[in-house]
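Each chain gets a letter, A, B and so on, in the order its sequence line appears, and its residues count up from 1.
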Number of protein chains: 2
Amino acid sequence: MKLNQATDYAFRAVLHLSCLPRGRVVEARLIAEEQKIPMRFLLKILRLLTLAGIVESYRGVNGGYVLARAPAEITMLDVVEAIEGPIKINRCLIAPEECSRRAVKHCPVHKTLFSIQQALAGEFKKRNFQELCESAK
Amino acid sequence: MKLNQATDYAFRAVLHLSCLPRGRVVEARLIAEEQKIPMRFLLKILRLLTLAGIVESYRGVNGGYVLARAPAEITMLDVVEAIEGPIKINRCLIAPEECSRRAVKHCPVHKTLFSIQQALAGEFKKRNFQELCESAK
DNA sequence: CCATTAGTATACCATTTAAGTCTACTTTAT
DNA sequence: ATAAAGTAGACTTAAATGGTATACTAATGG
């Protein structure tokens, strides 16, 4: 029931970018130093954020990363899912075949967990990086 | 961001007991068979539930487990915490010393995660085993 | 056009955690 | 006394986590 360290780093990296003037490209190295994230590990995280369309990357001299859209349009859920994939709090919700048919049919636990999962996703979705950046000031 | 398999088993074990006539003592073996939980593993889980005061155990012939209180008084949060300990979605909330002072002071991420954590715990707390048992029928 | 800077792609590694099993022991009813 | 049932804790295997290393590609600018 815990977020990855990578997700925590991702929050901080996206927050860092969110607090910069819109459109400013910044190298991974600077984010790593500023946010105290191991450089190589951060690069992996930034790759995931890029693939998820949260940031854009530029290679070569003067390269780096920028937010792909306005901070207000990026939620914590976007970031969590970019790093960890869709939120699934329960094994059976991921692989229903792991539950015996009996369990699935008779066990209300799974239905309930699903609704809790939805609520949790909703909480992450409520928070965007413009707000986060404002409360950082 | 996922519950342990053990927690899922625990839900099912407590649900099983919740649906029995009040005060009925039942051996682990029966729960294991009925709920398709590996016997030895279930025993470990029941031990945790016992220590948490959710079930009571009786040793020896005709021994087994009973709920320690009414199903309506047992929430999913009780069970989650019995198995996994207090809900902590973020590393830094567990071990604040792992965050640099800088992060803690300047980073609104941690404050936000804490409020999400509270919401999540609230969701688990809302659900009790009387309700679960009723929806099992 | 090539040297430098910066991101990309993979493979690798060490630790920790999860899930489950094994052996030996204690308690209790009959 | 014996069999049934829970308790204790060491042990095992596999996967996930967190991080590193190596080699590559792309872009810029002198």
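For A/P38, the listed nucleotide lying nearest its side chain is D/dG19; candidates were C/dT8, D/dG19, C/dG20. Comparing C/dG20, D/dG18, C/dA18 against the side chain of B/N4 picks out C/dA18 as the nearest. Which of C/dA19, D/dT20, D/dT28 sits closest to the side chain of A/V61 comes down to D/dT28.
Under the 4.0 Å criterion applied to side-chain N and carboxylate O atoms, A/D78 and A/R69 are assigned as salt-bridge partners.
For the pair A/F41 CZ and D/dA16 C1', the interatomic distance rounds to 12 Å; values are reported in whole Å. Regarding B/M39, its CE atom lies at a distance of 17 Å from the C1' atom of C/dA19, rounded to whole Å. Rounded to an integer number of Å, the gap from CZ of A/R91 to P of D/dA15 is 11 Å. The nearest whole Å value for the distance from the CD atom in B/E27 to the P atom in D/dA3 is 18 Å. When rounded to the nearest whole Å, the span between OH of B/Y58 and P of C/dT28 equals 11 Å. Rounded to whole angstrom, the span from the CD atom of A/E56 across to the P atom of C/dT8 amounts to 12 Å. With rounding to whole Å, A/L48 atom CG is found 15 Å from C/dG7 atom P. Between the P atom of D/dG19 and the CG atom of A/L42 lies a distance of 11 Å, rounded to the nearest Å.
Look at A/Y65 and you'll find a side-chain N or O under 4.0 angstrom from OP1 or OP2 of C/dT8. Look at B/R29 and you won't find any side-chain N or O under 4.0 angstrom from OP1 or OP2 of D/dA4. Distances shorter than 4.0 Å separate none of the side-chain N or O atoms of B/R47 from OP1 or OP2 on D/dG9. A sub-4.0 Å separation between OP1 or OP2 of D/dG19 and a side-chain N or O of A/R40 is absent. Taking 4.0 angstrom as the limit, B/N62 places none of its side-chain polar atoms (N or O) nearer than this to OP1 or OP2 of C/dA29. Contact annotation: A/S57 side-chain N/O to C/dT8 OP1/OP2 distance is under 4.0 Å. OP1 or OP2 of C/dG20 has at least one side-chain nitrogen or oxygen of B/Y9 nearer than 4.0 Å.
Checked by atom type and distance alone, the side chain of B/E84 pairs as donor or acceptor with a backbone atom of B/N4 at under 3.5 Å. B/R127 places a side-chain N or O within 3.5 Å of a backbone atom of B/E123 that can act as its donor or acceptor partner.
Of the options A/Y9, A/Y65, A/F41, a side-chain contact (heavy atoms from CB on, under 4.5 Å) to A/L46 is made by A/Y65 and by none of the others.
Projected onto DNA chain D by closest heavy-atom contact, B/L43 and A/G60 fall at different nucleotides, the more 5' of which corresponds to B/L43.
Both A/L20 and A/V14 belong to a common hydrophobic cluster when Ile, Leu, Val, Met, Phe, Trp and Tyr are linked at side-chain heavy-atom distances under 4.5 angstrom.
Taking 3.5 Å as the limit, the base of D/dT25 and the side chain of A/R59 contain a donor-acceptor pair of atoms between them.
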